[in-house]
2 protein chains.
Amino acid sequence: MSYEDSGKTTTPPRMADVAKLAGVSKMTVSRVLAGRDVSQRTQKLVHEAIETLGYLPDASAGTLATGRSEFIVALVPSLASSNFADTVRGLNDAVSGHGLCLLLGDTDYHLEQEALLVRTLLRHRPVGVMLTGSAHLDETRRLLRQAQVPVVETWDIPDDPIEQSVGFSNVAAAAALYEHLHQQGYRRIGYIGGASVLDHRGQQRQQGYLQAVAAAGAQPRVMEYGESPITMSHGGESVKRLLEKWPDTEAVMCVSDLSAFGAIMECHRQGRRVPGDVAIAGFGDFEVSRYCTPTITTVSVDPYRIGRRAGELLVASAAAQRLGLPRAQTCDVVEFQIMAREST
Amino acid sequence: MSYEDSGKTTTPPRMADVAKLAGVSKMTVSRVLAGRDVSQRTQKLVHEAIETLGYLPDASAGTLATGRSEFIVALVPSLASSNFADTVRGLNDAVSGHGLCLLLGDTDYHLEQEALLVRTLLRHRPVGVMLTGSAHLDETRRLLRQAQVPVVETWDIPDDPIEQSVGFSNVAAAAALYEHLHQQGYRRIGYIGGASVLDHRGQQRQQGYLQAVAAAGAQPRVMEYGESPITMSHGGESVKRLLEKWPDTEAVMCVSDLSAFGAIMECHRQGRRVPGDVAIAGFGDFEVSRYCTPTITTVSVDPYRIGRRAGELLVASAAAQRLGLPRAQTCDVVEFQIMAREST
DNA sequence: AAAAGCGATGTTACCGGTAACATCGAGACA
DNA sequence: TGTCTCGATGTTACCGGTAACATCGCTTTT
């Protein structure tokens with residue numbers, strides 16, 4: 001055990017300590033840290049003092065004095081979904097280069113939890129907030145509006161945007177997938193998704209399916225089962241139930257690639273060939289869909305890019321706000337793409 | 001657009017505003033928020049004022065005044081790995097109930113980046129820090145020691161612990177998997193992992209393999225390929241190379257389930273049966289391993305639990321520190337378990 | 001040579017809370 | 001009735017930085 005560990009409670013060094021050691025005023029130390037005009041000689045003295053003492057400036061004090069923090073808030077429905085983890089990663093990559101760091105919140109798919117997190121995290125006066133989805137409580141909107149903080153909604157195209165957004169239409173994407181299957185000749189097409197109305201994106205995909213079914217003049221076959229986040233086991237159970245209820249189903253669309261994979265494995269267990277007996281498509285273009293057998297037809301959406309773009313917008317908005325400029329109102333639509341693979 | 005949006009830059013309300021509206025002093029407002037003894041009538045007045053103004057206390061000011069923040073820092077090598085995302089989720093679940101929130105950092109498997117993040121994030125005076133792994137730069141250790149902040153290292157059992165730890169021996173786990181395969185009768189056992197020395201856990205698993213090989217008096221067959229985080233495609237390529245170099249290999253251990261899955265799919269493409277022609281085992285018990293065909297033999301480790309436990313330890317340490325008590329020095333060993341499945 | 005300009009540094013006040021101590025009024029008690 | 005006690009509330013100072021302005025010495029301008 002080293003010396004510092006021995007129970008002594010020494011106060012960590014402050015800027016005043018650095019100033020005293022360097023023989024200058026606090027303000028000069030502050031200027032050196034901010035990279036403002038200070039003579040070479042003084043800079044060197046101050047840096048040496050900082051090094052000697054192991055000084056780390058206190059962020060709270062800085063934030064309080066300037067009214068500006070270094071936080072970006074990121075709220076996701078669940079970190080257990082690699083989709084959202086990737087989005088957070090993209091966001092982080094976009095903002096960390098600007099000296100910003102991430103305050104992470106997990107809403108667990110509950111809007112009340114989202115509102116609570118917004119309330120809690122806004123107390124840190126973040127310079128930007130990334131939300132997932134476009135469904136929010138009025139309270140959430142009110143809090144964000146009052147805080148006058150730049151906001152980006154992701155993973156959707158909001159009807160009533162708070163400010164900016166980066167996403168795609170889950171309705172349109174699901175409908176496009178249906179049409180792709182229809183073009184391939186499939187007619188009796190089912191859908192499996194979660195039973196929770198809280199998963200707004202899941203609900204929208206289902207809605208896209210229903211719209212496409214209606215447009216094709218067909219009958220819907222929807223099997224709702226399991227709570228979000230949807231896993232492989234949900235997919236297996238769902239496809240079993242769906243095929244029991246509608247045995248002549250030719251193709252199944254799934255709310256995510258994970259459930260599609262689970263569904264395919266269940267079909268294999270039941271001796272059904274995919275796509276020979278039943279075709280199965282997913283959503284999200286997860287890694288597994290590119291490497292499993294059969295490879296899975298899916299909708300590709302690049303979650304990392306969504307997060308990255310959201311981060312760029314927030315950085316830009318924060319800069320604009322600092323300069324007193326009006327903030328942009330971008331609605332950034334990211335492309336989705338139907339990936340036709342072996343499973344359909 | 002509502003009134004607040006109309007370009008006017010109104011300052012958000014402060015505690016002084018609340019106090020004035022309620023007809024009391026700032027201190028009384030502060031007491032109400034802290035839930036200290038204030039008369040019912042005054043409490044009601046204050047709460048109404050808070051509600052009316054939409055007041056949100058400023059966390060920086062509070063932190064500065066009390067010297068206590070509400071942050072827990074979480075550093076992971078990569079959020080792209082669901083393992084670490086799950087650990088972060090567990091950590092979040094453990095600490096969010098105590099009013100703490102997560103400051104997230106992604107080290108990208110680089111110790112220099114870790115040190116930089118520690119330096120940056122310590123400026124926010126977190127009440128606890130969760131690190132991944134036991135390999136850290138001296139600078140990282142020095143910074144953490146000087147900050148006197150509770151630290152938990154995860155995913156390993158450190159030889160030289162900074163303070164506390166929650167994890168398991170990656171060496172022992174890999175060796176145990178080797179022995180399991182050996183008991184099943186496999187003799188010519190290979191190993192595939194990443195080529196990057198930065199992935200310390202991967203290196204340790206390889207070391208465990210090498211130790212077990214030596215103990216069994218066999219010859220090692222190691223194929224290193226790809227940068228961390230290791231993906232399915234790395235597994236496919238690796239197994240191809242390994243089987244080209246040592247065609248009579250009977251079994252292959254993989255650094256992760258993802259590479260194991262990729263390896264199995266590659267074998268199928270080559271017309272090799274798994275486990276008939278070659279057995280393949282993974283590491284981590286990812287969801288895919290339980291649902292794919294064949295199901296994958298692996299080492300199960302529960303990343304969520306590691307994070308959760310780390311969070312509990314940090315909360316306890318933070319509480320102890322606040323009361324001036326000595327902090328515990330727990331080295332928490334979480335169980336790993338060999339999951340024998342169809343692939344071996 | 002006096003005034004003006006300018007770079008480098010110091011001084012003061014303030015950001016928005018909270019700890020610690022002061023104060024005040026009402027009921028208890030002698 | 002006067003003093004003591006105690007709960008409720010107010011006052012003051014301070015946490016650790018930074019903005020804004022003041023100051024100082026030296027060079028430039030006329």
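A, B, ... follow the sequence lines: proteins, then strands. Residue 1 opens every chain.
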Q: Which listed nucleotide (D:dG17, C:dG17, C:dA19) is nearest to the side chain of B:Met27?
A: C:dA19
Q: Need one value for B:Thr28: base, sugar-phosphate or nothing, where a base atom within 4.0 Å counts as base even if backbone is also close, heavy atoms only.
A: sugar-phosphate
Q: Using atom CG of A:Leu56 as one end and atom P of D:dG16 as the other, report the distance to the nearest whole Å.
A: 14 Å
Q: Any heavy-atom pair between the side chains of B:Thr154 and B:Ser165 that's under 4.5 Å?
A: no
Q: State plainly whether the residues A:Glu139 and A:Arg119 are in salt-bridge range, i.e. N to O under 4.0 Å.
A: yes
Q: Considering only NZ, NE, NH1 and NH2 on the basic side and carboxylate oxygens on the acidic side, decide whether A:Arg141 and A:Asp160 come within less than 4.0 Å.
A: yes
Q: For B:Glu51, look at atom CD and say whether over 12 heavy atoms of other residues, nucleotides or ligands are found less than 6.0 Å away.
A: no
Q: For D:dG17, does either OP1 or OP2 sit under 4.0 Å from a side-chain N or O belonging to A:Tyr55?
A: yes
Q: Ignoring backbone atoms, establish whether A:Ser30 has a side-chain N or O less than 4.0 Å from OP1 or OP2 of D:dT18.
A: yes
Q: Round to a whole Å and report the spacing from CG of B:Asp17 to P of C:dG16.
A: 9 Å
Q: Could you give the CZ-to-P distance, from A:Arg31 to C:dG10, as a whole number of Å?
A: 8 Å
Q: Check whether any side-chain nitrogen or oxygen of A:Ser39 sits under 4.0 Å from OP1 or OP2 of C:dT9, and answer yes or no.
A: yes
Q: Between the base of C:dG7 and the side chain of A:Arg36, is there a donor and acceptor pair under 3.5 angstrom?
A: no
Q: Given the structure, check if the side chain of B:Arg125 and the base of D:dG16 hold any donor-acceptor pair shorter than 3.5 Å.
A: no
Q: Any idea which of D:dG17, C:dT9, D:dT18 is nearest the A:Val38 side chain?
A: C:dT9
Q: A:Leu64 has an atom CG; how far is it from atom P of C:dT18, in whole Å?
A: 12 Å
Q: In whole angstrom, give the distance that lies between atom NE2 of B:His124 and atom C1' of D:dG17.
A: 13 Å
Q: B:Asp37 CG to D:dC6 P: how many Å, rounded?
A: 14 Å
Q: Can you say whether a donor on the side chain of A:Lys26 sits under 3.5 Å from an acceptor on the base of D:dG17, or the other way round?
A: yes
Q: Tell me: CE of A:Met15 to C1' of D:dA19, nearest whole Å?
A: 13 Å
Q: Within this structure, what is the CD-to-P distance between B:Gln40 and D:dG7, rounded to whole angstrom?
A: 16 Å
Q: Between B:Gly23 and A:Thr66, name the one whose nearest nucleotide on DNA chain D is closer to the 5' end.
A: B:Gly23
Q: B:Pro12 versus B:Arg14: any side-chain heavy-atom pair under 4.5 Å?
A: yes
Q: For A:Thr42, which contact category applies under a 4.0 Å heavy-atom criterion: base, sugar-phosphate, or nothing?
A: sugar-phosphate
Q: Counting any heavy atom closer than 4.0 Å, what does B:Ser60 reach on the DNA or RNA strands: base, sugar-phosphate only, or nothing?
A: nothing
